[in-house]
There are 2 protein chains.
Amino acid sequence: MQEAPVSVHSASVKDVAAAAGVSLGTVSNVLNRPDRVSPATRERVERVMAELGFVRNESARQLRAGRSRTLAYVVLDAGNPFFTDVAAGIDDAADDAALSVVLCNSANRADREAAHLTRLEQQRVQGILITPVDPDAVALHQVARRGTPIVVVDRTRRLEDFCTVAVDDVLGGRLAVEHLVGRGHRRVAVVGGPTSIGQVHDRYAGARAAWVDAGLDPADLVPLETVAMTVAEGRSAGERLAGLPSRRRPTAAFCANDLLALGLLQQSIGSGRSVPGDLAIVGYDDIEFAAAAAVPLTSVRQPRHQLGRTAASLVLDESTNPDHRHQQVTFTPELVARASTL
Amino acid sequence: MQEAPVSVHSASVKDVAAAAGVSLGTVSNVLNRPDRVSPATRERVERVMAELGFVRNESARQLRAGRSRTLAYVVLDAGNPFFTDVAAGIDDAADDAALSVVLCNSANRADREAAHLTRLEQQRVQGILITPVDPDAVALHQVARRGTPIVVVDRTRRLEDFCTVAVDDVLGGRLAVEHLVGRGHRRVAVVGGPTSIGQVHDRYAGARAAWVDAGLDPADLVPLETVAMTVAEGRSAGERLAGLPSRRRPTAAFCANDLLALGLLQQSIGSGRSVPGDLAIVGYDDIEFAAAAAVPLTSVRQPRHQLGRTAASLVLDESTNPDHRHQQVTFTPELVARASTL
DNA sequence: TTGTAGGCGTTATCAG
DNA sequence: CTGATAACGCCTACAA
């Protein structure tokens, strides 16, 4: 029933020129400097382009121009609303600069991240924004040194090869624990992992510092390590928590992200414990679902949109400003208290 | 403090050949047919490539080859977990075919969708998977007719210019309402919109059909139109619902997606109504957050992963199989009953 | 205003 | 294995 495509991307500027009875240069001018072409011929050329289904070949353009008009954002987990919110910020900034953005999902896998990086570098994208599996990966630094502007998003660490945009995770961890201590909790679980993840490490560090500063016993800050930062892992942490003898069971939990917190919340309520009565919960990221949970979640908010916007503008600066200097931008997190901590 | 990049993508095959003291053709062979090069020279060339920081220029390759090794998925809302789950299915299938996938977010805006389509076509991507703002948009059909393989995801409508992969939304709406009727509800709200969205239209149609088939009065199926399918809109619908006089207030709601349902759930509980006691709720999509809600949500599940996988394999078939015929694949949804409907 | 002639980097071909 | 050469499609000088 269907018909064959009229053309399979056949028409080139040359074909258009021939069909319109003008020179190749004129067609090019219609495309790039329409003002230098008489309205009559311009219109004719445009009509022919439409008839022939002419589509500019971006590869050829880029080959000649040397660089492209697209930005890429390589994320750890496209399913985590935190990252899609950052991406929205990037989109906004890119819109203003007439660039387009593509999202690449590494799904927490180093091999996929590397494959994306390789491809993006070969495509000579204008810049790469990335929340890396491992910010110390050699490949990442190599790409930066070879000249592709890279901005690392959501890492506080100082890194010489690129700009970074991050939120102060140590402070975030501190805010969460100070809040819980202020609510009277004297035995608190910290849920997250693997600790090799930079953010988790820093949030834990802040949590411990606040705990010690409050004069409490480090042994009462109970680490509950997870293998990933997902809802399912949050549920599993909840089961482990429930399995502890009641004397040693924490009365509150600080989760390293909201997905974990939501899983923990669900498991707790589902097994008859009340939140925050039996267990107070603090999450991290303040994703939209945190406020929408039936027991609205107290969470540490990060300026996600701003994070994305800033990252995009840094990568733009690096790719256009010859005097660009790498910089480390750090934003300040903020605790949003809701019902899950009373 | 930082150092200038060693090279700004300068080295080309020609440079490598010169530096390694071999011919350009040999370098090309090292890259594309390593077996035809003696191990000694091959190793030397590879070493030089590393030293010079040689990076293949994808534009040049593509210009010569005619087409690329990437697939694009243009989504309506990158923040909706439903789409990221579909994307995961696409990723899997693409991995098997050694293709990479980029995600483009149209954010429900026709202009952004059009910009993405234009760019992707100009880049000669192998194929485009898309959940379009409007499946009847002229631009979409034009791109398909000009020869870029396109698969429309999540639309049941018959469309001549491309393959489609979808779930039977009419049946889904029917399942939801039959479930509620079976639970004894005789006045039900249907929440969603705008109704110009194909899925919403079909889910409503199924809901109405089931309602009428049960011998109930159409006037008791109360439409509550929203301007978007978001959590915030779900909350707003909840407020409108609460404003109805109790005689006329529905005892249950069927929401056209889970984001709406979660918003409605939150608003209901937050304002002191019990779920499902005062209001039973059925969502749609069965995203992970649906099960994780503190009152786990009854929802109509779609085989998201399968949807993505199938879409990817169809687009691959179209781009490689000369005998390809467009087809419409429809999956069957399934109701998952949870606590929100008791 | 229009036409013509390179050249971007890669790959493939063909004769040595 | 080398070396030379011709595309791929586009853009920009420069020349007419």
Side-chain angles (χ1 to χ4, degrees), chain A residues 7-46 48-49 52-69 118-119 121-125 146-148, chain B residues 7-46 48-49 52-69 118-119 121-125 146-148:
Chain A
S7 66
V8 183
H9 291 147
S10 47
S12 72
V13 281
K14 206 193 299 183
D15 301 321
V16 173
V22 298
S23 85
L24 188 156
T26 303
V27 177
S28 179
N29 281 335
V30 169
L31 254 19
N32 304 297
R33 302 118 103 179
D35 45 309
R36 296 200 190 169
V37 181
S38 77
T41 49
R42 195 181 67 202
E43 196 174 328
R44 182 155 45 95
V45 170
E46 281 168 347
V48 171
M49 292 199 299
L52 263 45
F54 168 76
V55 175
R56 260 158 123 129
N57 184 319
E58 182 65 23
S59 302
R61 287 187 87 185
Q62 226 175 271
L63 176 56
R64 210 183 175 280
R67 67 155 195 343
S68 81
R69 304 282 306 160
T118 301
R119 186 178 45 81
E121 185 182 26
Q122 294 182 349
Q123 292 188 343
R124 306 291 193 267
V125 293
R146 283 189 214 108
T148 301
Chain B
S7 67
V8 184
H9 291 146
S10 48
S12 73
V13 280
K14 206 191 299 185
D15 302 320
V16 172
V22 298
S23 84
L24 187 157
T26 303
V27 176
S28 178
N29 281 336
V30 170
L31 254 18
N32 304 298
R33 303 115 102 178
D35 46 308
R36 295 201 189 170
V37 181
S38 78
T41 48
R42 194 180 67 201
E43 198 174 324
R44 182 155 47 94
V45 170
E46 281 168 347
V48 170
M49 292 199 300
L52 263 46
F54 168 76
V55 174
R56 261 159 123 134
N57 185 318
E58 182 65 23
S59 301
R61 288 187 87 184
Q62 226 174 271
L63 176 56
R64 201 160 193 282
R67 68 136 150 44
S68 81
R69 305 281 307 160
T118 301
R119 186 178 45 81
E121 184 182 26
Q122 293 183 349
Q123 293 189 344
R124 306 291 194 267
V125 293
R146 283 189 213 109
T148 301

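Predicted model, so just to flag it, every value in this text is computed and none were measured. Residue numbers start from 1 in every chain, and the chains themselves are labelled A, B, ... in the order their sequence lines are given, proteins ahead of strands.
- The distance between atom CG of B/L24 and atom C1' of C/dT11, rounded to the nearest whole Å, is 9 Å.
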Just list the side-chain donor-acceptor pairs under 3.5 Å for residues 22-32 of chain B, sequence neighbours left out, or say none.
residue	atom	partner	partner atom	Å
B/S23	OG	B/G25	N	3.3
B/S23	OG	B/T26	N	3.2
B/S23	OG	B/T26	OG1	3.1
B/S28	OG	B/N32	ND2	3.4
B/N29	ND2	B/G25	O	3.4
B/N32	OD1	B/R56	NH2	2.8
B/N32	ND2	B/S28	O	3.0

Polar pairs (N or O, both sides) under 3.5 Å between protein and nucleotides 13-16 of chain D?
none

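- When rounded to the nearest whole Å, the span between CD of B/Q123 and P of D/dG9 equals 17 Å.
- For A/Q62, the side-chain hydrogen bond (donor to acceptor under 3.5 Å, both in side chains) criterion is met by B/S59, not counting sequence neighbours.
- Interface residues of residues 56-68 of chain B facing DNA chain C, ordered by number: B/R56, B/N57, B/A60, B/R61, B/R64; criterion, heavy-atom separation under 4.0 Å.
- Under the side-chain hydrogen bond (donor to acceptor under 3.5 Å, both in side chains) criterion, A/R119 pairs with B/S100, not counting sequence neighbours.
- The side chain of A/S38 places an N or O atom within less than 4.0 Å of a non-bridging phosphate oxygen (OP1 or OP2) of C/dT2.
- Evaluated for a side-chain contact (heavy atoms from CB on, under 4.5 Å) with A/M49, the options A/D15, A/V13, A/V16 yield exactly one hit, A/V16.
- Partners of B/T118 according to the side-chain contact (heavy atoms from CB on, under 4.5 Å) rule, which considers only residues two or more places apart in sequence or in another chain, are B/Q122.
- The side chain of B/T26 places an N or O atom within less than 4.0 Å of a non-bridging phosphate oxygen (OP1 or OP2) of D/dT2.
- Between B/N32 atom CG and C/dA12 atom C1' the separation is 10 Å, expressed in whole Å.
- Not one side-chain nitrogen or oxygen of B/S12 sits closer than 4.0 Å to the OP1 or OP2 atom of C/dG9.
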